[in-house]
Each structure stands twice: as C-alpha cells, then as structure tokens.
Number of protein chains: 2
Amino acid sequence: MDLVHLLREVTLRLDLAGAEFAARNGLHPTDLRALIALLDAARAGEELTAGRLGGRLGLNSAGTTALVDRLERLGHLRRVRDTRDRRRVLLAVDERAVALGQAFFGPLIARTLTLLDTFGPGERDAVRRFLTGVRDAAQAPAEAATGTPAEADTPS
Amino acid sequence: MDLVHLLREVTLRLDLAGAEFAARNGLHPTDLRALIALLDAARAGEELTAGRLGGRLGLNSAGTTALVDRLERLGHLRRVRDTRDRRRVLLAVDERAVALGQAFFGPLIARTLTLLDTFGPGERDAVRRFLTGVRDAAQAPAEAATGTPAEADTPS
DNA sequence: CCCGATTACCTCGCTCAGCGAGATAATCGA
DNA sequence: TCGATTATCTCGCTGAGCGAGGTAATCGGG
C-alpha cells in the first residue's frame, strides 16, 4: 500500500520537476510533453504528424496547431509537408529540442542508472514487472471509475 | 535503461488518466491534483491552508484563490477560518471529494495491490528502493541542467 | 475522369486558468 | 501602540486550449 503512495509521489515529483524545467526554458508543461513525445517518436524511427501529436497529448486540432506554432517559433521543430500525402504535416525535431531533452532527462537518467547498478537481475525484473503492471493498470481504469454516472460524458 | 523509459511511460499514462478523469468530472488537472494533495494531507492528519496548497501545486496566491473558489463552488471543500490565527484559511475536504478520490484511485490501487500480491518481500523491497531513489533523483535535477538556478523558497 | 466523401490541418472567436501587482485584514515584535 | 510581517483576496491581463467552421489534398464509385 505504501508502494502505491510512493509511486504517486514519484509521479508528482517528476511532474513538478518537468513543469519547473519547462517554465525555466520559456515553455509550458504541454510543450515539454510534446517535445518528449517527439523525441520518443524520433528514437523509435517513427514519423510524427501534427494530428498524431495532438492526439497523443489529448489536444484538439486547434490546440495542436497552436502548440506546433509555439514550438516552431521557438525553433524546436519544423513543419515538413509529407511529399506522399501532401495534406499531412510531419514534425522534424531540431537539435535544440534534443539538447533540451538531454538537459532535462540527462541528470535524471544518470542518477537512475547509478541506482540501478546496485540492483541484481531479479530485482530489476521485479521493478520491470511492477512498472509494466502499473502502466497497464492505468490504461483504462477511469472508464470504470467515473464519479458521475448520470452525467453524459462525450460532450461532443 | 529501458526501465527509465518504462517509468516515463507510466508517469505519462497516469497523467493522461488523471486528466481524462478530471475532465470527465468537470475538473481541470490542477483541480484533481489539489484534491489529491488535500486528501493526502487529511490522511496524514495535517491541516492544509490555502497558501500551503498553492505552494504545493506551484501556484501563486491569485491562482490559489481561484482554485479554492472553483473547488468550493463544486462543493469539494469548504473554507474554514482558523480560530487561532484568523488570517489563515483552512481547507476542509468534503465527502464528495473523498468519493471522487476513491473513484479515481480505487481501481488503480486495487489492481496494483493485486499485482503486488505476486511479489515476494525482496521484490517489494526492490520496487521500494527504486521508487525512493527516483523520487530523490527528481528532487532537483533541473537546477543542475539549466543556467538558471532557482532561488530558495523554503516550502516550510 | 469527375464529384462527393473523407482526411489533415489551419483560422477565428471565445472561455477561463494562472500571473503580477496591489489591497486588506490579522498577528507579531519592539 | 505602531510598523513589519503574514495570509489571503481582488483586479486586470495574457495566453493555452476548445468548438465551429474553412481549405486543400486524397480516395472511391459511377
């Protein structure tokens, strides 16, 4: 049980750290999350489009456009029209964004890796199982747990 | 290394789940975080004041007042003047807020506890060490990563 | 090959969360 | 008692994100 609270504390702390880092670099939390999503996609060799990014962050198209505008204005990414399907706008991350990601995650990752050095294979596996399980548990618990049963969600 | 990414994925997923749940209940992410902070404080037998809550969420006084206004209007908490120091406004959480917290965290906690049932003591300890380490690692990594050190603000 | 449907993104107007500055009220210290 | 400090609130403003609707490109049936 205390592990649950500990996990929540970790997510809260990471959240605050992210928000603080974002503010310090003239970004908003959403901007930072967008950069992370972009870097993730880049690392996975995936081409991320504007719409896809918005969907991943839970923004609608208008908000996504504004987000991409901001990031482009700051030089973190460039809009690139897909030559195959010229309706699509691919997002190309700039070196600047990569550097920012490094600056934010670098120390955190380094510390975590140092910590993990002290873990045996079985312990690492335990951590992995735990995180995987929580991730999957967080998939769709909200659907079942809506506090307002009578209220019509999907206000669209 | 993959554990790091896994952790990030977990926090992202929990974040999105929270935002979705909040929106579904007519709240904003900040409101939900405020409720969580309030419930945490209540569970710890701590009396949370308006200013303290704002500080914990990274809001300034104006934003905090607006936040408390919203939550009070929704009936999630009540303002209670501290009788000892009548400048202070204590925040009393309502049953409604508790129920909301249960609705959100209940299933998540249940699933996590079920998962943890399959863990041995050593494994749980590994998870605990990992989470504790990450929490501490997230304390102040941003300071080192930017040219702009934050000024101390002694959060009591 | 054309035309309607669909897809992907953008524009416009708006709401409201959160900020900075400053006001107000209560407490504390000399 | 009076100024300094603390805790909160008020006011005006900026801007992130939403809903609605527009535009350009692609797809699919006749």
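Just so we're clear, the structure is a prediction, and the values are computed from it rather than from any experiment. Order of the sequence lines fixes the chain letters, A, B, ..., with proteins taken first and strands second; residue numbering starts at 1 for each chain.
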Rounded off to whole Å, could you give me the [atom1]-to-[atom2] distance for the [X] and [N] pair?
{"X": "A/Leu57", "N": "D/dA16", "atom1": "CG", "atom2": "C1'", "value": "13 Å"}
{"X": "A/Leu32", "N": "D/dA16", "atom1": "CG", "atom2": "C1'", "value": "16 Å"}
{"X": "B/Asn60", "N": "D/dG12", "atom1": "CG", "atom2": "P", "value": "17 Å"}
{"X": "A/Arg88", "N": "D/dC27", "atom1": "CZ", "atom2": "C1'", "value": "14 Å"}
{"X": "A/Leu71", "N": "D/dA16", "atom1": "CG", "atom2": "P", "value": "10 Å"}

Can a donor-acceptor pair be found, under 3.5 Å and without considering hydrogens, that links the side chain of [X] to the backbone of [Y]?
{"X": "B/Asp94", "Y": "B/Ala97", "answer": "no"}
{"X": "A/Arg81", "Y": "A/Arg86", "answer": "yes"}
{"X": "A/Asp40", "Y": "A/Ala37", "answer": "no"}

| Taking OP1 and OP2 of D/dA7, is either one under 4.0 Å from a side-chain nitrogen or oxygen of B/Arg52? |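 Negative; the distance criterion is not met.
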| Between B/Thr49 and D/dT8, is there a side-chain N or O to OP1/OP2 distance below 4.0 Å? |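 B/Thr49 to D/dT8 OP1/OP2: side-chain N or O found under 4.0 Å.
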| message | Go nucleotide by nucleotide along DNA chain C from the 5' end; which of A/Ala66 and B/Asp31 gets its closest nucleotide reached first? | response |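 Final value for this comparison: A/Ala66.
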| request: Between A/Thr65 and B/Ala62, just flag the one whose closest nucleotide in DNA chain C comes earlier from the 5' side. | output: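 The 5'-side residue here is A/Thr65.
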| 5' to 3' on DNA chain C, which nucleotides open and close the contacts with chain B (atom under 4.0 Å from a heavy atom)? |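 Span of nucleotides near chain B: C/dA17 to C/dT27.
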Using the rule that Ile, Leu, Val, Met, Phe, Trp and Tyr join whenever any side-chain heavy atoms are under 4.5 Å apart, tell me whether [X] and [Y] fall into a single cluster.
{"X": "B/Leu90", "Y": "B/Leu57", "value": "no"}
{"X": "A/Leu14", "Y": "A/Leu3", "value": "yes"}
{"X": "B/Leu108", "Y": "B/Leu7", "value": "yes"}
{"X": "A/Leu71", "Y": "A/Val89", "value": "yes"}

| Residues from residues 72-87 of chain A sitting under 4.0 Å of DNA chain C, heavy atoms only? |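 Listed by number, they are A/Arg79, A/Arg87.
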| Pairwise 5' ranking along DNA chain D for B/Gly63 and A/Gly58, keeping only the more 5' one |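 Counting from the 5' end, the first nearest nucleotide belongs to B/Gly63.
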| request: Looking at every strand, decide which applies to A/Thr30 at a 4.0 Å heavy-atom threshold: base, sugar-phosphate, or nothing. | output: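 A/Thr30: backbone/sugar contact only, no base atoms under 4.0 Å.
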| query | How would you list, by chain and number, every residue that makes a salt bridge (charged side-chain N to carboxylate O under 4.0 Å, His left out) with B/Arg87, sequence neighbours excluded? | reply |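 Salt bridge (charged side-chain N to carboxylate O under 4.0 Å, His left out) check on B/Arg87 returns B/Asp85.
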| query | Which pair of non-hydrogen atoms, one from B/Ala138 and one from A/Ala17, has the smallest distance, and what is that distance? | reply |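 Distance-wise, the nearest heavy atoms are O-CB, 3.9 Å.
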